[in-house]
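Quick note: numbers below take in every heavy atom, side chains included, and nothing from hydrogens, waters or symmetry partners.
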Amino acid sequence: MKSFVEYSSHSDFSIYNIPFGVAVFNKEYIGCCTRIGDQVIDLATLYDFGYFEEIDGFDDNVFEAYTLNEFIELGKPITNAVRKKIQELLLEGSILSKDQKTIEEAFYDLDKVKMMMPIHIPNYTDFYSSIEHATNVGKMFRDPANALLPNWKHLPVGYHGRASSIVVSGTEINRPKGQMKPADADKPVFGPCKQLDFELEMAFIINKNTEMGESISTKQAEEAIFGMVIFNDWSARDIQAWEYVPLGPFLAKNFGSSISPWVVTLEALEPFRTTSPIQDPEVLDYLKFEGDKNYDIHLEVYLQPENGEQNLICESNYKHMYWNMTQQLAHHTVNGCNVEVGDIYASGTISGSDPKSFGSMLELTWRGQNPILLNNGQERKFIDDQDTVTMKGWAEKDGMRVGFGEVSGKIIPAI
């Protein structure tokens, strides 16, 4: 496919992508949008100009909303048809390519828009689905010879997080405060976190509501997943180490998480499916699945000190995940837990077997024992104030590139 919109061959936002987001246009109004290259397209204007009239059931201009939730809730028969229509309109020689009036009103240069939170998030769950990450953490904090807890290979471990503190890329994050217990102290102290970390994750977004008592099987799961974003699960390691027993993460996690502004659909990622890892021991029947359920998505993490350059500190891949999205959703709902449109489910830290692919500072520096040397001569064991962490992700194959852009966040001092 070739578009009439020119873009770099390295662009995440090719004709094969067609992601969805929400933007402020010209500092004037908010609406839903898509992107190709460095052009952001106002979808509400495309709707008003009649470009979606032929799609059955698409009767209201939900693109005028401040979030994608109304659009997502229409379900895949409609949202997929809309995506394909946009793709068709962006092709070389299309009707839209010759409609200069619509192009002038609906197309914006990237620097003329401000990206917003793409969805309203009712609920957030974070999983723990990378066997390499779980093994590394187990070696550090428990018995190196028995790093994984007995349940880990039998179910996708997860916990319910805080939806209200998930923010869009570019939002600054205050260093959290809380209780910590230094190794040489006999009681806890209170103050700003000293071991602030990132966690490289992906997350999927739900497109339907279910009733309490209903469950979603691994076969049904992909119909319930609209798309994905990059997810940075900021973590306060010293607060976490003291508080997590017996109920798990709390203040160490709920102070902030960051997501990329563009939601990439599962359909755009279809060409990049890859074989899932062998699960041994065999999982219970409700967690069994058929076909390739992992995705080959290259991921990178950069750390930039204040007034300094970006440092590439991690290269990983989403295909490493032991537990896939269909299993995560099936397990989450097997007890009858209801889901809501806009719910977000994060993967857990994505680490590979190579130390360069470890998806957190905790692992990259091995709990601070092996500091990272930055290109300005500074060292980092964890994240300092005024540091910016940026995550990027894309899939590429046979001349097709589909990416997520980036999620970036700067750490500022505790209030």
Side-chain angles (χ1 to χ4, degrees), residues 10 12 115 126 130 132-133 136-137 140 165-176 192-203 229-241 252-253 255-261 297-318 320 346-394 403-414:
H10 299 295
D12 283 354
M115 298 307 298
D126 190 25
S130 161
E132 290 84 359
H133 173 66
N136 288 338
V137 172
M140 273 184 249
S165 55
I166 299 175
V167 295
V168 74
S169 176
T171 306
E172 294 180 335
I173 301 289
N174 285 99
R175 180 175 295 273
C193 158
K194 293 181 173 61
Q195 296 180 354
L196 186 58
D197 203 354
F198 66 84
E199 289 193 344
L200 170 63
E201 306 192 21
M202 300 290 296
V229 292
I230 310 174
F231 193 95
N232 184 352
D233 179 23
W234 298 100
S235 301
R237 298 301 186 187
D238 40 6
I239 296 173
Q240 183 178 2
K253 299 281 192 174
F255 64 94
S257 300
S258 304
I259 66 170
S260 52
I297 302 171
H298 178 79
L299 298 164
E300 295 181 345
V301 182
Y302 295 82
L303 192 157
Q304 182 177 9
E306 187 176 26
N307 301 319
E309 298 176 358
Q310 285 191 339
N311 296 257
L312 176 62
I313 60 172
C314 167
E315 291 185 86
S316 195
N317 196 298
Y318 184 58
H320 296 315
S347 61
T349 303
I350 302 166
S351 294
S353 56
D354 188 313
K356 294 180 181 178
S357 68
F358 292 168
S360 65
M361 293 293 283
L362 180 70
E363 297 165 90
L364 289 167
T365 70
W366 208 254
R367 208 179 178 185
Q369 294 178 31
N370 306 308
I372 292 173
L373 179 65
L374 304 183
N375 53 22
N376 65 357
Q378 296 179 3
E379 289 186 342
R380 289 291 186 277
K381 296 179 179 180
F382 290 94
I383 306 300
D384 284 1
D385 287 347
Q386 310 304 331
D387 283 351
T388 298
V389 175
T390 299
M391 299 174 177
K392 301 179 182 182
W394 68 89
F404 294 79
E406 65 180 40
V407 55
S408 185
K410 183 177 183 177
I411 296 299
I412 57 176

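Asn307 places none of its side-chain heavy atoms less than 4.5 Å from the side chain of Asn376. Side-chain contact between Asn136 and Trp366 is present, with at least one heavy-atom pair separated by less than 4.5 Å. Between Gln386 and Pro305, every side-chain heavy-atom pair lies at or beyond the 4.5 Å cut-off. Between Leu299 and Met202, some side-chain heavy-atom pair lies under the 4.5 Å cut-off. Looking only at side-chain heavy atoms (C-beta outward), His133 and Glu199 come within less than 4.5 Å of each other. No side-chain heavy atom of Cys314 sits less than 4.5 Å from a side-chain heavy atom of Leu303. Inter-residue side-chain proximity for Arg367 and Leu362 is flagged as met; some heavy-atom pair is nearer than 4.5 Å. In this structure the side chain of Phe255 never reaches within 4.5 angstrom of the side chain of Ile239, judged on heavy atoms.
Counting all heavy atoms, side chain and backbone alike, Met115 lies closest to Val168 at O-CG1, 4.3 Å. Pairing each heavy atom of Asp233 with each of Ser257, the nearest pair is OD1-OG, 3.7 Å. Considering all non-hydrogen atoms of both residues, Ser408 and Thr388 come closest at OG-CG2, 3.3 Å. Of all heavy-atom pairs between Asp238 and Lys194, the closest is OD2-N, 2.7 Å. Taking both residues in full, the closest heavy atoms of Ser316 and His320 are given as OG-CD2, 3.8 Å, listed atom of the first, atom of the second, then distance. Minimum heavy-atom separation, Thr365 to Lys381: OG1-O, 3.2 Å.
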In sequence, state the C-alpha distance, the side-chain angles, and the governing distance for Val167 and Ile173, and then conclude on side chain to side chain contact (heavy atoms under 4.5 Å, CB included). CA-CA 9 Å; Val167 295; Ile173 301 289; 3.9 Å; yes

Using the side chain to side chain contact (heavy atoms under 4.5 Å, CB included) rule, take Glu201 and Asp126 through it: C-alpha gap first, then chi angles, then the decisive distance, then the call. CA-CA 9 Å; Glu201 306 192 21; Asp126 190 25; 2.8 Å; yes

Start with the C-alpha distance between Ser260 and Val229, add both sets of side-chain angles, then the distance that settles side chain to side chain contact (heavy atoms under 4.5 Å, CB included), and finish with yes or no. CA-CA 6 Å; Ser260 52; Val229 292; 3.5 Å; yes

Go through the steps to decide whether Lys410 and Glu172 satisfy the test side chain to side chain contact (heavy atoms under 4.5 Å, CB included), and finish with yes or no. CA-CA 5 Å; Lys410 183 177 183 177; Glu172 294 180 335; 4.0 Å; yes

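For Asn317 (side chain) and Ile297 (main-chain N/O), a donor-acceptor pair under 3.5 Å exists by modelled atom type. A distance-only check finds a donor-acceptor pair linking the side chain of Asn311 to the backbone of Glu309 [under 3.5 Å]. With hydrogens and angles disregarded, a donor-acceptor distance shorter than 3.5 Å links the side chain of Ser130 to the backbone of Ser351.
The CH2 atom of Trp234 sits 8.5 Å away from atom CZ of Phe198, with the distance rounded to the nearest 0.5 Å. Rounding to the nearest 0.5 Å gives a distance of 5.0 Å between CZ of Arg237 and OG of Ser360. Distance check: Ile383 CD1 to Ile411 CD1 gives 7.5 Å after rounding to the nearest 0.5 Å. To the nearest 0.5 Å, the span separating CG on Asp387 from CE on Met361 amounts to 8.0 Å. The distance from atom CE of Met391 to atom CD of Glu406, rounded to the nearest 0.5 Å, is 11.5 Å. The CG atom of Asp197 sits 7.5 Å away from atom OG1 of Thr349, with the distance rounded to the nearest 0.5 Å.
For Glu363, the salt bridge (charged side-chain N to carboxylate O under 4.0 Å, His left out) criterion is met by no residue, not counting sequence neighbours.
Between the side chains of Tyr302 and Glu300, a donor-acceptor pair is found at a separation under 3.5 Å.
Each of Ile166, Val407, Leu200 was evaluated against Phe231; a single residue qualifies, Ile166, per the side-chain contact (heavy atoms from CB on, under 4.5 Å) test.
Heavy-atom contacts from other residues, nucleotides or ligands closer than 6.0 Å to CD of Glu306 number more than 12.
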